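Residue numbers begin at 1 in each chain, while the letters A, B, ... track the order of the sequences. Just so it is clear, the model here is predicted, and its values are computed rather than measured.
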There are 2 protein chains.
Amino acid sequence: MLQLSKKVEYGLIALRHMAMKPMGQVFTAKELAKEYDMPYDLLAKVLQKLARHGIVASLQGVRGGYALAKKPTEVTVSLIIRVIEEERPMVAECYTDGPASCYLFGNCTIRKPLGKLQRNLNVLFDTMTVQEIV
Amino acid sequence: MLQLSKKVEYGLIALRHMAMKPMGQVFTAKELAKEYDMPYDLLAKVLQKLARHGIVASLQGVRGGYALAKKPTEVTVSLIIRVIEEERPMVAECYTDGPASCYLFGNCTIRKPLGKLQRNLNVLFDTMTVQEIV
DNA sequence: TAATATAGGACTGTTAAAGTCTGATTTATG
DNA sequence: CATAAATCAGACTTTAACAGTCCTATATTA
Ligand code: SF4
Ligand code: SF4
């Protein structure tokens, strides 16, 4: 419960790796997967998403790969999760998918109080950056 | 991602309901389920767990039911989750189930940094009580 | 043009969450 | 004392999200 998904963990590990080396250095999905023993296909998908959203820059073709495109201080855990999961980390389903997603919505008495928890969570994830995990 | 489980939500809704009424009042699982349109069987299980851990007191037999056994200020969301899920809310699998639970453990570079996130999370859940959701 | 890399999507497998069902036990009450 | 109403306990099924795999297309270097 409340665990980060494997995809997010793979993304964090890869981004941290890049952040440790000189800015602009290029890494292939293959070498990253091998280095940390992550499933290549899955990591590749994650890196592609990060590339689409400009967190890393991708270079295709032979000698291609990925390089960090933002400063480690600018990439928050919140952003990484949003990009990889394609949604914000929320404590309740209805926060993400709206009233129709939960049949309890009409008589739910905890939705509003949980908002406080959510806001505090947001602060946590918005505050933590890749810089903090190098 | 990061959502509270339905069981926890059911538990919170039920506990809040009890906390709204005079201390010691007895409610049956049936009426609670009906009032908020929650699945009876599932809610019953949740209440049983809460009873086993002394959060609510149970009365068997006809005219039985459940009553809040602790003050709303004493019941944290953290405790509710631990009781219902039978584990603490953790950001990483290995925190809950140990090194053997994750094959990345040996070369995981994000485990320690995530500890900071975890500690902040703990504070959030330890701080919020049933009193705050009435 | 061959080799190597990303890009994208479809597909399958696995697991945890959610829900259901059955039966036993307890206890107030007529 | 019999009945009904409630908790208690566990097994079971269903569902949906997550994790992982596979295949093909495209881009780029050498
Ligand atoms: S139970 Fe309440 S808070 Fe949870 S998803 Fe449904 S409406 Fe939202
Ligand atoms: S990836 Fe790292 S932090 Fe996540 S569960 Fe595995 S060892 Fe723990």
Side-chain angles (χ1 to χ4, degrees), chain A residues 1-11 13-14 26-34 36-67 69 81 83-87 89-90 92-93 96-97 101-104, chain B residues 1-11 13-14 26-34 37-67 69 81 84-87 89-90 92-93 96-97 101-104:
Chain A
M1 177 161 212
L2 290 179
Q3 278 172 22
L4 301 180
S5 70
K6 278 283 178 246
K7 282 193 288 191
V8 168
E9 292 194 317
Y10 297 154
I13 288 173
V26 174
F27 307 85
T28 67
K30 194 175 176 181
E31 66 182 298
L32 288 169
K34 189 167 186 183
Y36 297 100
D37 197 27
M38 301 183 278
Y40 167 77
D41 290 295
L42 204 40
L43 176 62
K45 290 261 168 298
V46 167
L47 288 167
Q48 283 164 29
K49 277 190 183 169
L50 293 174
R52 260 181 260 146
H53 288 82
I55 295 172
V56 298
S58 74
L59 295 166
Q60 293 198 348
V62 176
R63 317 227 35 192
Y66 299 92
I81 294 175
V83 164
I84 296 179
E85 300 292 342
E86 298 179 353
E87 65 182 35
M90 298 285 193
E93 190 179 14
T96 308
D97 303 324
S101 64
C102 179
Y103 62 98
L104 290 181
Chain B
M1 178 166 212
L2 289 179
Q3 278 173 22
L4 300 180
S5 70
K6 276 286 177 244
K7 282 192 289 190
V8 167
E9 291 193 318
Y10 297 153
I13 288 172
V26 174
F27 307 86
T28 67
K30 196 175 176 182
E31 64 181 301
L32 288 169
K34 190 167 187 185
D37 197 26
M38 301 183 279
Y40 166 77
D41 289 295
L42 204 40
L43 176 62
K45 290 265 168 297
V46 167
L47 288 168
Q48 283 164 29
K49 276 189 183 170
L50 293 174
R52 260 180 258 146
H53 289 81
I55 295 171
V56 298
S58 75
L59 294 168
Q60 293 200 346
V62 176
R63 319 226 36 190
Y66 300 92
I81 294 176
I84 296 178
E85 300 292 343
E86 299 179 353
E87 66 182 33
M90 298 283 195
E93 189 178 14
T96 308
D97 303 325
S101 63
C102 179
Y103 63 98
L104 290 181

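- As a whole-Å value, the separation of A:L42 CG from D:dT21 C1' is 10 Å.
- For the pair A:L50 CG and C:dT6 C1', the computed distance is 14 Å after rounding to whole Å.
- Comparing D:dT21, C:dA5, C:dA18 against the side chain of A:K30 picks out C:dA5 as the nearest.
- Rounded to an integer number of Å, the gap from A:Q48 CD to D:dT26 P is 15 Å.
- A close approach under 4.0 Å does not occur between any side-chain nitrogen or oxygen of A:S58 and OP1 or OP2 of C:dA5.
- Distance CG (B:L2) to C1' (C:dA17): 16 Å, rounded to an integer number of Å.
- Between B:Y103 and the phosphate of D:dA19, there is no side-chain N or O to OP1/OP2 separation shorter than 4.0 Å.
- Between B:R52 and D:dA9 there is a side-chain N or O to OP1 or OP2 distance below 4.0 Å.
- A:K49 places no side-chain N or O within donor-acceptor distance of the main-chain N or O of A:V83, the cut-off being under 3.5 Å.
- To the nearest 0.5 Å, the span separating CG on A:L43 from CE on A:M38 amounts to 4.5 Å.
- Spacing between atom CD1 of A:I84 and atom C1' of D:dA17 amounts to 17 Å, rounded to whole angstrom units.
- Within 4.0 Å of B:A44, counting heavy atoms only, lies no atom of the nucleic acid at all.
- We find that B:K6 and B:E9 are joined by a salt bridge, their nearest charged nitrogen and carboxylate oxygen being less than 4.0 Å apart.
- Both A:A29 and A:V62 sit near DNA chain C, but only A:V62 has its closest nucleotide nearer the 5' end.
- Between B:K45 atom NZ and D:dA6 atom P the separation is 17 Å, expressed in whole Å.
- Nearest heavy atom pair, residue B:P89 against residue A:L2, reads CB-CD1, 3.1 Å.
- Of the two residues near DNA chain D, B:G64 and A:K6, the one whose nearest nucleotide lies more 5' is B:G64.
- Contact annotation: B:R63 side-chain N/O to C:dT29 OP1/OP2 distance is under 4.0 Å.
- Toward the 5′ end of DNA chain D lies the nearest nucleotide of B:G61, the other residue of the pair B:G61 and A:Y10 mapping further downstream.
- We find that CD1 of B:I81 is positioned 13 Å from P of C:dA17, with the value rounded to whole Å.
- Of the candidates D:dA6, C:dT6, C:dG19, C:dT6 carries the atom nearest the A:Q60 side chain, counting heavy atoms from C-beta on.
- Between B:Y40 and D:dT7 there is a side-chain polar atom (N or O) within less than 4.0 angstrom of OP1 or OP2.
- Across all strands shown, B:L59 has heavy atoms under 4.0 Å from sugar-phosphate atoms exclusively, and none from any base.
- Distance CG (B:L47) to P (D:dT7): 8 Å, rounded to an integer number of Å.
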